[in-house]
Amino acid sequence: MKMLSKILKKQITSTIIALLFGFLVAAIVLAIAGYNPGQAFGALFKGMLSKPKYISNVIIKATPIILTGLSVAFAFKTGLFNIGAEGQYVAGSIAAVLVGVKLNLPAVIQVPLVVLAGVLGGMVFGSVVGFLKAKFGIHEVITSIMLNWISLYLSNFIVSSQAYHLPNSTSTYPVNESSYTMILPKWKTSDAGMAALKPNKWLYEMMLKTDVNVGIVIAILMAVVIWVLLYRSNKGYELRAVGFNRDAAEFAGINVNRNIVQAMLIAGALSGLAGALSITGIAPHKISTLAAFENYGFNGLSVAMIAGSSPIGCVFAGLLFGGLLYGGQSVQQEVGAPTEIINIMIGTIVFFVALTKVVPALAERLEKRGVGHAQ
Amino acid sequence: MLSKFLLLIGITLMYSTPLVFGALGGVISERSGVVNIGIEGMMTMGAFTAAAVSYYTGNPWIGLLAAGGAGVAIALLHAIASVTFKADQNVSGIAINLIGPGFALFFCRLLFKNATTTPPVQTLPKLFGNNAFNGTPVENLNVDITVILGLIVTAIMWFYLYKTKWGLRIRSVGEHPAAADTLGINVSRTRFLCVLASGMLAGFGGASMTLAIISQFNPTAISGQGFIALAAVIFGKWTPFGAYGACLLFGLAQALTVVLGGSDSGINVPSQILAMLPYVLTIIVLILFVGRSVAPKEDGIPYEKGVR
């Protein structure tokens with residue numbers, strides 16, 4: 001009994017239960033719609049893991065949503081609901097393009113500058129939200145939603161502006177090659193590179209068929225940095241105190257308003273970083289006219305929720321989410337079932353994550369009842 | 001000039017209506033103490049159901065009712081999670097936003113030969129009949145019937161919330177559930193029903209997009225209206241007419257971009273900057289006039305009996 005309640009209290013147990021339910025519900029929906037669930041899931045996992053190219057693409061797909069997930073999770077820990085990750089992501093990609101197209105310096109300087117510009121872009125959008133909340137008490141959800149749309153139209157404005165518009169296209173010029181963050185982009189397509197990679201089939205396929213880039217390393221690094229910041233630093237203690245109980249934090253002498261602005265600044269920076277790394281690391285290295293949101297930020301919300309707002313958990317949740325999104329395309333190709341089954345599945349997982357939060361509480365009750373009986 | 005002005009009013013009312021229904025859904029849910037981030041997903045479900053049912057039955061009114069039903073069905077999930085299981089309401093709302101569009105597009109592809117859009121469907125009638133005043137400036141005031149329905153529902157909700165005992169109960173459950181519980185009000189049941197009502201209204205909101213404005217369902221039929229409605233709830237300080245006003249403001253700003261964006265307007269502003277206007281305007285209005293918005297006290301907090 002004790003063993004059971006101990007297992008039930010672990011967060012990972014709740015997450016696994018939620019995952020199982022996600023697949024179960026998806027299977028039921030598929031079966032009702034007349035598809036073979038086994039076949040569909042087979043196609044899903046094959047499209048995710050069966051080739052080195054696929055695995056690489058899953059990681060590439062996961063990188064931005066790990067970062068936006070971190071952004072949401074971090075804000076959540078400080079008591080803020082960052083529904084604006086989407087806009088901050090777009091702002092980051094805009095800023096990266098603005099700098100990356102106009103500047104053409106050696107890569108050692110160019111890459112940090114372009115990425116930093118993206119981080120700043122996200123920061124600006126994030127800090128507006130924090131500032132308006134701290135100064136005027138305006139709910140962060142409203143300003144975030146408004147800024148999401150502002151970023152979308154700003155992005156379209158940049159695309160259509162004379163200075164950046166690539167003639168006869170719906171996009172801007174790509175950023176200069178010196179801003180690329182792929183791993184050895186030149187070398188791998190050169191004769192020497194191809195010859196060196198050839199013996200290793202895995203590496204050959206991964207490197208040459210996908211945009212392998214340093215983004216994932218940075219994303220994981222950021223997850224660790226955010227974890228340290230939140231749980232191993234004074235600042236993190238302050239931020240979490242404000243999130244946990246504003247009044248108590250104020251009473252303890254913590255400057256609540258300053259912490260709100262700083263929290264949104266960091267959250268915005270993370271989403272902006274995601275946007276910048278997408279520009280520098282993945283083809284086509286430019287922004288195109290957006291008819292609707294691309295959902296990098298909104299998917300970050302789901303990632304953060306599946307991860308239970310744990311920074312390290314975001315890495316795994318992001319990889320899972322990225323895998324489902326990427327593998328989901330094969331479901332349509334191979335089984336013919338609409339890819340939207342993936343959205344239903346992810347939605348169900350998130351839904352059961354919400355539900356299974358009550359599992360630890362149930363376990364507690366179970367334990368107490370056990371003690372009562374013993375006495 | 002007059003015709004331009006009337007056009008502006010007409011477009012304002014047209015754009016604001018789906019928002020009005022969505023925002024009213026948000027008001028009723030949040031007044032009872034349940035945050036509903038899932039309005040967007042509920043609206044998408046409603047938008048698709050309305051179009052599909054109207055297409056198959058040829059009767060848009062049945063489509064409208066079905067949309068309300070679809071909204072209730074998906075709101076049931078939110079109610080079970082956030083009221084029965086006392087789960088995190090934000091998380092459950094995000095789930096709804098994934099599940100709603102997921103289901104809508106999934107079934108759209110199933111029913112309409114793998115297409116993500118429905119064929120054009122029978123729409124709801126205009127206020128004064130479909131062809132009244134054609135060719136005159138007054139034509140612009142011959143708005144969709146949903147515009148009037150939105151206003152009526154707003155008035156009903158205001159009356160219900162502020163002039164009836166049931167409304168008082170809903171508000172007390174949102175402000176101080178423990179006190180309400182002591183007086184014998186069933187907190188869980190009240191919240192549960194309010195969330196379902198929220199889903200129904202959001203479903204109508206989706207329907208008023210596909211059955212009146214664009215006359216078909218497509219993947220971008222509902223793209224962000226649910227979130228704008230959410231903002232309108234907060235902007236309108238959680239009151240029916242406040243939210244209605246906020247939606248009108250969004251509608252007006254959108255209409256301005258359409259009217260000013262026309263080539264003959266003589267105003268030379270890039271269309272993207274004009275499109276940004278509503279959102280910038282909202283933030284400015286919030287800073288200048290509205291200020292601190294105070295949510296119902298227990299909004300978003302699950303009620304645990306006996307916990308202080």
Side-chain angles (χ1 to χ4, degrees), chain A residues 25 29 33-34 76 81 83 128 132 135-139 141-150 152-161 291-293 298-299 301-302 304-306 308 332 336-358 361, chain B residues 35 37 41 77-78 80-82 85-110 114 116 219-220 223-224 227-228 230-235 270-283 286-287 290-295:
Chain A
V25 170
V29 173
F76 213 71
F81 188 54
I83 204 169
V128 167
L132 290 179
K135 176 94 181 160
F136 299 102
I138 300 169
H139 205 295
V141 168
I142 311 193
T143 23
S144 297
I145 292 170
M146 297 304 128
L147 284 171
N148 283 347
W149 288 99
I150 292 173
L152 181 111
Y153 290 115
L154 188 65
S155 171
N156 287 349
F157 175 67
I158 301 294
V159 171
S160 69
S161 69
F293 292 117
F298 291 124
N299 289 342
L301 283 178
S302 310
M305 297 305 137
I306 294 176
Q332 176 127 23
T339 39
E340 281 76 19
I341 189 67
I342 297 300
N343 295 55
I344 298 177
M345 193 155 112
I346 295 170
T348 315
I349 294 172
V350 175
F351 183 73
F352 278 99
V353 164
L355 282 194
T356 49
K357 282 256 174 72
V358 299
Chain B
V35 170
I37 300 218
L77 291 178
H78 190 47
I80 291 172
S82 54
F85 280 85
K86 306 186 196 317
D88 189 310
Q89 298 166 9
N90 285 329
V91 185
S92 153
I94 291 168
I96 300 289
N97 282 340
L98 288 162
I99 295 172
F103 263 107
L105 286 167
F106 186 84
F107 283 109
C108 192
R109 283 193 202 259
L110 279 188
N114 222 355
T116 51
T220 54
S223 52
F227 291 114
I228 302 267
L230 193 67
V233 172
I234 305 173
F235 200 164
S271 64
Q272 297 88 357
I273 300 295
L274 270 179
M276 224 185 269
L277 202 71
Y279 312 105
V280 178
L281 200 67
T282 307
I283 294 181
L286 281 169
I287 294 172
V290 182
R292 202 161 288 271
S293 35
V294 182

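Chain naming here is simple, since letters A, B, ... match the order of the sequence lines and numbering starts at 1 in each. Atom set for the values below is all heavy atoms of this structure, side chains included, hydrogens, waters and symmetry mates excluded.
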Chain B contact via A:Phe76 - which portion, at a heavy-atom distance below 4.5 Å: side chain
Residue, of A:Ile349, A:Thr143, A:Ile341, that accumulates the most heavy atom pairs under 4.5 Å with chain B: A:Ile341
For A:Gly347 against B:Ala95, the heavy-atom pair lying closest together: O-CB, 3.4 Å
Option that, when pairs with chain B are counted at under 4.5 Å, heavy atom only, ranks first among A:Gly34, A:Ser155, A:Ala33: A:Ala33
Where B:Gln272 and A:Ser160 come nearest, the two heavy atoms and their spacing: NE2-OG, 3.2 Å
4.5 Å side-chain heavy-atom contact, A:Lys135 and B:Ile287: no
Separation between CG of B:Leu98 and CD1 of A:Ile342, rounded to the nearest 0.5 Å: 12.0 Å
With B:Phe227, the ring pair (Phe, Tyr, Trp, His ring centres under 6.0 Å) member among A:Phe298, A:Phe293, A:Trp149: A:Phe298
Side-chain heavy atoms of A:Phe157 within contact of B:Ile273, under 4.5 Å: yes
Euclidean distance, A:Met146 CE relative to B:Ile283 CD1, rounded to 0.5 Å: 7.5 Å
Among the listed options B:Ala275, B:Ser82, B:Ser92, the residue most often paired with chain A at heavy-atom distances under 4.5 Å: B:Ala275
A:Asn148 CG to B:Ile228 CD1 distance, which is reported to the nearest 0.5 Å: 9.5 Å
Nearest-0.5 Å distance, CZ of residue A:Phe351 to CD1 of residue B:Ile99: 6.5 Å
Toward chain A, the part of B:Asn114 with a non-hydrogen atom under 4.5 Å: side chain
Residue, of B:Asp88, B:Leu105, B:Leu110, that accumulates the most heavy atom pairs under 4.5 Å with chain A: B:Leu105
Heavy-atom proximity to chain B below 4.5 Å, by part of A:Ile346: both
Nearest-0.5 Å distance, CZ of residue B:Phe107 to CD1 of residue A:Ile344: 6.5 Å
B:Ile37 portion near chain A, given a 4.5 angstrom heavy-atom threshold: side chain
Part of A:Ile150 lying under 4.5 Å from any heavy atom of chain B: both
Options B:Phe85, B:Phe103, B:Phe106, ranked by heavy-atom pairs under 4.5 Å with chain A, top entry: B:Phe106
Chain B contact via A:Ala292 - side chain, backbone, both or neither, heavy atoms under 4.5 Å: side chain
B:Arg109 vs A:Thr339 side-chain heavy atoms within contact, under 4.5 Å: yes
Heavy-atom contact with chain B under 4.5 Å, split by part of A:Leu152: neither
